[in-house]
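Just below is one structure, and these are the notes that go with it.
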Amino acid sequence: MNSRRDFLQKLGVSALALHLAPVSGWANSKNNNDVAYDGPVLRVAIMGLGGYGTRVAEAMQSCTKAKLVGVISGTPSKIKDWQSKYGIPEKNCYNYENFENIKNNPDIDAVYVITPNALHHDHVLRVAKTGKHVICEKPMSVNAKQGQEMVDACKKANVKLLVGYRMHFEPKTLEVIRMRKAGEFGKILFFQGQCGFKIGDPTQWRLNKQLSGGGSIMDIGIYAINGSRYMTGEDPVWVTAVETKTDPVKFKEGVDETVQFEFGFPSGAVASCLSTYNMSNLDRFFLNGEKGFAEMLPSTGYGPIKGRTNKGELTQPVTVHQTVQMDEMAGIILEGKQPVVPVDGNEAVKDLKIIDAIYLAAKTGKKTEINY
Ligand code: NAD
């Protein structure tokens, strides 16, 4: 994030933080319209206290309907830090060996899995067995087979499985979706998604297939994949893909550096996307229809998201994505709210089927069908 984005992000957090956070079980705080919130609160334990877990924890301090109450970590010093920073009691702290005991803890409703991609499958299956709801980061797993197993396990355990698709709650994104649904762009013809950043440290887990499950596609290209679906309102039925590798030492076998891929949708619309770990400033969506267009630039970073359509600038408010996501997910889990765009495990399995097909198409050089 650049410094201006950083500043605005902090400003957003502190402005929202003026509202009191709920204390336990049922809230007595105010929501953003200063109307007393007196409903249920989702009490969440975060698993994986790394970079993104820390961002979510900070953002949750401004939530009305969700509260951080527990942690799961393999690093005792991090647990101590989080306990003192967020007032987390000892009885809500777990490690990777004993977190199954969470099933006996009546003060935790859900676990948010924010560990490296290839660990999500095992972590989610183990959480589901405890009877707690699960929120899992993207990509939900590293292939569709694993993803389906996670959906089935959560269904069997009668717990909800949601995935951290924070853009599904972002106001400018939702406005473009509203306009598209209202027919304001006419028949959709084309989507372009360009997502990437220049990755640093060659020793990080994102470049280790055992932990990442792949390369840029798993990490950042998934935004173009998922975005192509919510921007067009369709799921792609075929894909072609080409992988380019300029540094085979840093990007080993199975870790893609840059992939260009094209989709075809049932309506005849097409998409052209780029996913990369080797270019900066790549965060753009473009949607073209017979009557109009939408451009989001940036489209999926932490914000502020900016965009325009053929009707002018998008002026919806800037939000802290993770604060809104967690409040909305509390509503989905506790009150059965329906999001505009799904954030459940089935939504993630579709993305994983597409990812499987992209990798297959890149390997074979063939146009590959996607079946849901
Ligand atoms: P990170 O490296 O900063 O943190 C990962 C955490 O997992 C660390 O605390 C690490 O100690 C822990 N961990 C547990 N077991 C581990 C093991 N065996 N090996 C390595 N680490 C282990 O990574 P991150 O950026 O926080 O990413 C975590 C997840 O969150 C990924 O799935 C990533 O795709 C996702 N993420 C999502 C967003 C978003 O905007 N939705 C942004 C960043 C990351």
Side-chain angles (χ1 to χ4, degrees), residues 1 5 9 45-60 71-82 93-99 111-124 126-127 134-143 146-147 150 162-170 173 195-197 199-227 230 255-256 275 277 283 298-305 319-326 328-329 341 343 347-348 351-352 355:
M1 208 169 7
R5 276 199 207 170
Q9 177 91 17
I46 290 184
M47 177 191 292
L49 314 184
Y52 196 62
T54 300
R55 182 177 290 274
V56 171
E58 283 298 315
M60 283 186 73
V71 289
I72 299 156
S73 168
T75 315
S77 59
K78 278 197 214 166
I79 294 183
K80 285 273 164 270
D81 286 352
W82 280 50
C93 297
Y94 298 87
N95 59 40
Y96 291 100
E97 281 74 50
N98 69 12
F99 76 76
V111 174
Y112 194 162
V113 175
I114 318 187
T115 51
N117 309 340
L119 307 180
H120 295 173
H121 177 255
D122 177 56
H123 289 158
V124 167
R126 287 171 63 193
V127 172
V134 198
I135 303 171
C136 179
E137 254 319 309
K138 46 56 58 178
M140 187 172 82
S141 65
V142 297
N143 57 51
Q146 280 191 357
M150 293 156 84
L162 304 184
V163 180
Y165 288 120
R166 61 187 161 76
M167 299 316 296
H168 293 199
F169 305 107
E170 194 283 316
T173 303
C195 297
F197 63 95
I199 199 159
D201 180 8
T203 66
Q204 65 186 286
W205 68 259
R206 282 183 165 78
L207 298 175
N208 171 357
K209 182 157 159 76
Q210 296 305 315
L211 288 170
S212 62
S216 76
I217 288 275
M218 286 286 173
D219 192 37
I220 191 79
I222 192 170
Y223 285 96
I225 293 163
N226 190 252
Y230 63 68
V255 179
D256 59 279
S275 167
Y277 266 160
D283 183 2
S299 56
T300 65
Y302 297 139
I305 300 301
T319 57
V320 177
H321 300 173
Q322 296 80 7
T323 305
V324 180
Q325 175 201 315
M326 291 310 290
E328 289 297 321
M329 287 188 166
V341 186
V343 288
E347 168 81 359
D351 282 348
L352 291 165
I355 289 175

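Each ligand, and each atom within it, is numbered from 1 in the order the structure gives.
Residue, atom and distance of the protein heavy atom nearest to atom 21 (N) of ligand 1 are P116 CG, 3.5 Å. Distance from atom 4 (O) of ligand 1 to its nearest protein heavy atom, with residue and atom name: G50 CA, 3.3 Å. Counting protein heavy atoms only, atom 3 (O) of ligand 1 is closest to G51 N, 2.7 Å. Shortest contact from atom 29 (C) of ligand 1 to any protein heavy atom: T115 O, 3.4 Å. Atom 23 (O) of ligand 1 has as its closest protein heavy atom W205 NE1, 3.3 Å. Among protein heavy atoms, atom 37 (C) of ligand 1 sits closest to E137 OE1, 3.1 Å.
Considering all non-hydrogen atoms of both residues, S275 and I220 come closest at OG-CG2, 4.2 Å. Taking both residues in full, the closest heavy atoms of R126 and E97 are given as NH2-O, 4.3 Å, listed atom of the first, atom of the second, then distance. Nearest heavy-atom pair across M218 and V142 is CE-O, 3.2 Å.
When heavy-atom distances to ligand 1 are checked against a 4.0 Å cut-off, Y52 comes that close through both its backbone and its side chain. By the criterion of a heavy-atom distance under 4.0 Å, both the backbone and the side chain of I114 are placed next to ligand 1. Residue contacts with ligand 1, taken as heavy atom pairs separated by less than 4.0 Å, do not involve T75 at all. Heavy atoms of M167 found under 4.0 angstrom from ligand 1: none, in either backbone or side chain.
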_Working note: Y165 + V341, criterion side chain to side chain contact (heavy atoms under 4.5 Å, CB included); need CA distance, chi angles, decisive distance, verdict._
CA-CA 9 Å; Y165 288 120; V341 186; over 6 Å; no
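Ligand 1 places these atoms under 4.0 Å from at least one heavy atom of D219: 34 (O). Those atoms of ligand 1 with a heavy atom of N117 less than 4.0 angstrom away are 31 (C), 32 (O), 33 (C), 34 (O). Those atoms of ligand 1 with a heavy atom of G164 less than 4.0 angstrom away are 41 (N). Annotation for ligand 1: atoms under 4.0 Å from non-hydrogen atoms of R166 are 39 (C), 40 (O), 41 (N). Interface of H120 with ligand 1, defined as ligand atoms under 4.0 Å from a residue heavy atom, comprises 32 (O). Close approach to R206 involves these atoms of ligand 1, each under 4.0 Å from a residue heavy atom: 23 (O), 24 (P), 25 (O), 27 (O), 33 (C), 43 (C), 44 (C). Atoms of ligand 1 lying under 4.0 Å from at least one heavy atom of Y302, given by number and element, are 40 (O), 42 (C), 43 (C). Atoms of ligand 1 lying under 4.0 Å from at least one heavy atom of Y96, given by number and element, are 14 (C).
Considering backbone and side-chain N/O atoms, L119 never comes within less than 3.5 Å of an N/O atom of ligand 1.
Contact of the T75 side chain with the L49 side chain is not registered, since no non-hydrogen atoms from C-beta on lie closer than 4.5 Å. The shortest side-chain heavy-atom distance between Y112 and E137 falls under the 4.5 Å cut-off. Residues N226 and M167 form no side-chain contact, since every pair of their non-hydrogen atoms from C-beta on lies 4.5 Å or further apart. For the pair V124 and M140, the minimum side-chain heavy-atom distance is 4.5 Å or more. Residues F169 and T319 form no side-chain contact, since every pair of their non-hydrogen atoms from C-beta on lies 4.5 Å or further apart.
Selection from K78, Q322, R55, Q325 by nearest heavy atom to atom 10 (C) of ligand 1 gives K78. Comparing H123, M47, K138 by heavy-atom distance to atom 33 (C) of ligand 1, the nearest is K138.
Contact annotation: Y112 has no heavy atom less than 4.0 Å from any atom of ligand 1.
The only member of L352, I217, I355 that meets side-chain contact (heavy atoms from CB on, under 4.5 Å) when paired with I222 is I355.
The aromatic rings of H123 and Y96 sit parallel to each other, their planes meeting at less than 30°, with 60° as the upper class boundary.
A cation-pi arrangement is absent between R206 and Y277, since the terminal nitrogen or guanidinium carbon is not both under 6.0 Å from the aromatic centre and inside a 45° cone about the axis.
Inspection of the S212 and N117 side chains reveals no N or O donor paired with an N or O acceptor under 3.5 Å.
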